[in-house]
Amino acid sequence: MDVFAEVKAHVAAAVGRLAAAGALPAGLDLSAVSVEPPRDAAHGDMATNAAMALARPARMSPRDIATALAGELGKAPGVVGVDVAGPGFLNLRLAPSFWFGVLPTVLTQGTGFGRADLGAGRRVNVEFVSANPTGPMHVGHARGAVFGDALANLLGFAGFDVTREYYVNDGGAQVDVLARSAFERYREACGLEPAIVEGLYPGDYLIPVGETLKAKYGERLLDRPEQEWLTEVREFATSEMMAMIREDLAALGVTMDHFYSERSLYGTGRIEAALAALEGRGLVYEGVLEPPKGKTPDDWEPREQTLFRATAFGDDVDRPVKKSDGSWTYFAPDIAYHFDKVERGYDELIDVLGADHGGYVKRLKAIVSALSDDRVPLDVKLIQLVKLTKGGEPVKMSKRAGTFVTLRDVVDEVGRDVARFVMLTRKNDAALEFDFDKVLEQSKDNPVFYVQYAHARAWSVARRAEEAGFALDDAALAAADLAPLGAPGELALARKLAEWPRLVALAAQHHEPHRVAFYLYDLAGAFHALQHQGKLESELRFVQADAPETTRARLALVRATAVVIAAGLGILGVTPMNEMR
RNA sequence: GUCCCCGUAGCUCAGCGGAUAGAGCGAUCGCCUCCUAAGCGAUAGGUCACAGGUUCAAGUCCUGUCGGGGACGCCA
């Protein structure tokens, strides 16, 4: 139940009645009408722009419409006052009972409160992480993983049927390099000196892979030429890397529904089928590209190759799908992969990519647009860098020196919950500073702590109440008489709780899980403020031993707060803490 | 050269086309006999980079300029 949507329905009904009475034209488009919380609380509880939005299509002055609407809206349930303000805003004042009315709903629905039917069961595929299976994941991957997972949670909560998918780049040259690197570790395990030359992966994480290879094959691969072992070692090493990556993801609390293999696209006709689909639309041709601007390669030679007409979709140049020797470029399997997603019947696609893939976005959108005939929207979310610091000083990262920070390092150092929450306190397209010291700080400056503390305090109040003999059953509290509520802090908190469904809908629409984190910070603030009121005026304390009705009403508010914080943290994938010590 | 992202308080950042642009930190001043002070408040602090445009209404949308970051290849 979204109270803002509810009031908007009243507005629509009022417009309908006025139209029926001839006071407004019939059939007005209400899509520009919004009902939202006013920025300034002095303006009332809710504001609608209806009169201004309808003025032009109705060919009437905003104030005339506003006056007429005010008369109708005054009759709506819960509305105790309607003011026409400014250029034609309608400010609604609502009875406190309207806001407190959200409490039984929260207590009845539990952490399902705020679930929306925005998605209407539409199928959405969220592809994220997709790190190359050549080594452990680093912090950047962690941010993408957390973002993608939280976005998937959010969309699921908003009524979409979500698939989490990981595209495994196991088809390119880099997995051959992995195989050669693992082979050197295998030689090392056999007592030989490994030749980890420039271009191979030097990481220690391949040492156990080499040992397992020795256990598996003994020494019999040692004298064999590369073509005899490459395929087997590659497959083995790749699956070992993917096992490691799955473990890392599990450490972050991320579970994928599908791992989609790039290799499965080769030699199976999938790429050819996707290309044929493009050819059928006249989007593939043989041509010669201009040399890239700005940074012309020394060895540039114009050559004829197979190109995709990406410029027809707003890309800067057409993109090669085949090299001049006839082999596929990296783009070709990506075309096939997105074709496959379209064919699997998804209604929406989301790709979560590192910011270094920015130059790739237009051609991906072009492909999906072309292959779905514009039916399937693709949203590409680019994840900006994570700047790691400790006590304000940058943490140096160097692959060569072996000091680069892995996903696992971060989780081990600060824990899954902190890592996840902090990574969701920025928009995906803004750089994120992650300070190892600050994220563990127990202060208001640290949103993770602040939100967890609010939840723990709510539980602490509940424990106190229980000791004082009050029943804490949410179903019973849902039936509590809420008349004793009404203090300004209580009302502010209830208002914030009532905003949750609307917040979910907005965050889901915009694919912005960080909004949930900021909302929780606000909600926690409203709760801390109210609890503090009890220190200043003891009659405002939640638990009043000699006033059971008041206590029950307040416990309903406290429990509802805990429930919504838990629901929000659930979307972020963070475990709520019931006590801090 | 082209494209993408960013530019909001001293710092770190929110901000849904709506009204007098908000938090935290830092600064100044307050608040614990009492549900977690790990907290709550008050004050000070702004040319929303700049210039045009669209709109009843622009921090928000469009164009351009400047500044910061990133990306461009028969790499993956």
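Heavy atoms only: backbone and side chains are in, while hydrogens, waters and symmetry mates are out.
Side-chain atoms of A/S460 stay outside donor-acceptor range of the base of B/C35, with no qualifying N/O pair under 3.5 Å. Interface remark: the A/R463 side chain does not form any donor-acceptor pair with the B/C35 base, using a distance-only criterion of under 3.5 Å.
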CA sep, side-chain torsions, deciding dist, call: A/R463, A/E466, salt bridge (charged side-chain N to carboxylate O under 4.0 Å, His left out): CA-CA 5 Å; A/R463 284 190 295 268; A/E466 204 159 31; over 6 Å; no
Trace of the side chain to side chain donor-acceptor pair (under 3.5 Å) decision for A/D170 with A/T238: CA-CA 7 Å; A/D170 55 3; A/T238 305; over 6 Å; no
Salt bridge (charged side-chain N to carboxylate O under 4.0 Å, His left out) assessment of A/K390 paired with A/D435: CA-CA 5 Å; A/K390 195 171 176 69; A/D435 192 300; over 6 Å; no
Intermediate values then yes/no, salt bridge (charged side-chain N to carboxylate O under 4.0 Å, His left out), A/D351 and A/K381: CA-CA 6 Å; A/D351 286 2; A/K381 304 299 276 188; over 6 Å; no
Steps toward salt bridge (charged side-chain N to carboxylate O under 4.0 Å, His left out) verdict (A/R502, A/E499): CA-CA 5 Å; A/R502 178 183 146 82; A/E499 268 179 45; over 6 Å; no
Audit row: A/F527, A/H455, ring-ring contact (aromatic ring centres under 6.0 Å, His included) steps and yes/no: CA-CA 9 Å; A/F527 182 73; A/H455 186 262; 9.6 Å; no
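For the pair A/R63 CZ and B/A57 P, the interatomic distance rounds to 17 Å; values are reported in whole Å. Atom-to-atom, CD of A/Q531 to C1' of B/U36 comes out at 7 Å; the value is rounded to the nearest Å. A/Q533 has its CD atom 14 Å from the P atom of B/C32, to the nearest Å. Whole-Å rounding puts the A/D176 CG to B/C75 C1' distance at 14 Å. Between the CG atom of A/L307 and the P atom of B/C74 there is a distance of 9 Å, given to the nearest Å. Spacing between atom CG of A/L353 and atom P of B/G70 amounts to 19 Å, rounded to whole angstrom units. If you measure from atom CG of A/L536 to atom P of B/A37, you get 11 Å, rounded to the nearest angstrom. We find that CZ of A/F542 is positioned 14 Å from C1' of B/C34, with the value rounded to whole Å.
Because its NZ or CZ atom is both nearer than 6.0 Å to the ring centre of A/Y285 and within 45° of the ring axis, A/R309 counts as a cation-pi partner of that residue. With a 6.0 Å cutoff to the six-membered ring centre and a 45° limit on the axis angle, A/K323 does not count as a cation-pi contact of A/W328. Taking the ring centre of A/F331 as origin, the terminal cationic atom of A/R319 falls outside the region bounded by 6.0 Å and 45° from the ring axis.
Within 4.0 Å of A/R426, counting heavy atoms only, lie sugar-phosphate atoms of the nucleic acid but no base atom. Among the protein residues, A/A529 comes within range of the sugar-phosphate backbone only, with heavy atoms under 4.0 Å from sugar or phosphate atoms but none that close to a base. Contacts of A/G172 with the nucleic acid, taken as non-hydrogen atoms under 4.0 Å apart, involve only primed sugar atoms and P, OP1 or OP2.
Here the separation of B/C50 from B/G68, taken at their C1' atoms, is 15 Å to the nearest Å. Rounded to a whole angstrom, the distance from the P atom of B/U2 to that of B/G46 is 38 Å. Remark: the separation of the P atoms in B/A71 and B/G10 is 31 Å, to the nearest Å. Rounded to the nearest Å, the gap between the P atom of B/C66 and that of B/A51 is 15 Å. Taking atom P in both B/U65 and B/G26, one finds a spacing of 41 Å when rounded to whole Å. Using atom C1' as the reference point in both B/C48 and B/A14, the two lie 13 Å apart (nearest Å). Comparing the same atom, C1', in B/C5 and in B/A9 gives a spacing of 23 Å after rounding to whole Å. Taking atom C1' in both B/C40 and B/C35, one finds a spacing of 15 Å when rounded to whole Å.
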Protein N or O to nucleotides 65-67 of chain B N or O, pairs below 3.5 Å:
none

Atom pairs under 3.5 Å: protein N/O with N/O of nucleotides 3-5 of chain B:
from	atom 1	to	atom 2	distance (Å)
B/C3	O3'	A/K362	NZ	3.2
B/C5	O2'	A/D429	O	2.9

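At distances below 3.5 Å, not a single donor-acceptor pair connects side-chain atoms of A/D45 with backbone N or O atoms of A/R93. A distance-only check finds no donor-acceptor pair linking the side chain of A/R559 to the backbone of A/L472 [under 3.5 Å].
Listed nucleotides: B/G73, B/C35, B/C74. Nearest to the side chain of A/R541: B/C35. When distances run from any side-chain atom of A/K427 to the nucleotides B/A14, B/G39, B/C74, the shortest one goes to B/A14. Across B/A76, B/C34, B/U12, the shortest atom-to-atom separation from the side chain of A/Q174 is found for B/A76. Comparing atom distances between the A/F449 side chain and each of B/G39, B/A76, B/C16 picks out B/G39 as nearest. Here the side chain of A/F518 is nearest to one of B/C74, B/C16, B/A14, namely B/A14.
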Sugar-phosphate or base contact per nucleotide [nucleotides 17-29 of chain B; S, B, -; heavy atom under 4.0 Å]: -BB-S-SSS----
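In this structure, A/H455 does not reach the B/U36 phosphate: none of its side-chain N or O atoms is under 4.0 Å from OP1 or OP2. Close to B/G73, at under 4.0 Å from its OP1 or OP2, lies a side-chain N or O of A/R319. Residue A/K322 places none of its side-chain N or O atoms closer than 4.0 Å to OP1 or OP2 of B/C74.
Note on A/D2 versus A/K8: no salt bridge recorded, every NZ/NE/NH1/NH2 to OD/OE distance being 4.0 Å or above.
Side-chain atoms of A/M242 and A/I245, non-hydrogen and from C-beta on, do get closer than 4.5 Å to each other.
Nearest-nucleotide positions on RNA chain B place A/H532 closer to the 5' end than the other of A/R363 and A/H532. Between A/Y450 and A/R457, the residue anchored closer to the 5' end of RNA chain B is A/R457, taking for each the nucleotide with the nearest heavy atom.
Residue pairs meeting the side-chain hydrogen bond (donor to acceptor under 3.5 Å, both in side chains) criterion with at least one member in residues 509-526 of chain A, sequence neighbours excluded: A/D379-A/H511, A/E512-A/R515.
Shown here, B/C34 is classed anti by the O4'-C1'-N9-C4 or O4'-C1'-N1-C2 angle, which is more than 90° from 0.
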Watson-Crick and G-U pairing of RNA chain B, under 3.5 Å, as dot-bracket with | and [ ]: (((((((..((((....[...)))).(((((.......))))).....(((((..]....))))))))))))....
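Using bins of under 30°, 30° to 60° and over 60° for the plane-to-plane angle, the ring pair A/Y337/A/Y167 lands in the parallel bin.
Counted within 6.0 Å of NZ on A/K387, heavy atoms from surrounding residues, nucleotides or ligands total 12 or fewer; the atom is thus considered open.
Every ring pair (Phe, Tyr, Trp, His ring centres under 6.0 Å) that A/Y166 has, sequence neighbours left out, goes to A/F259.
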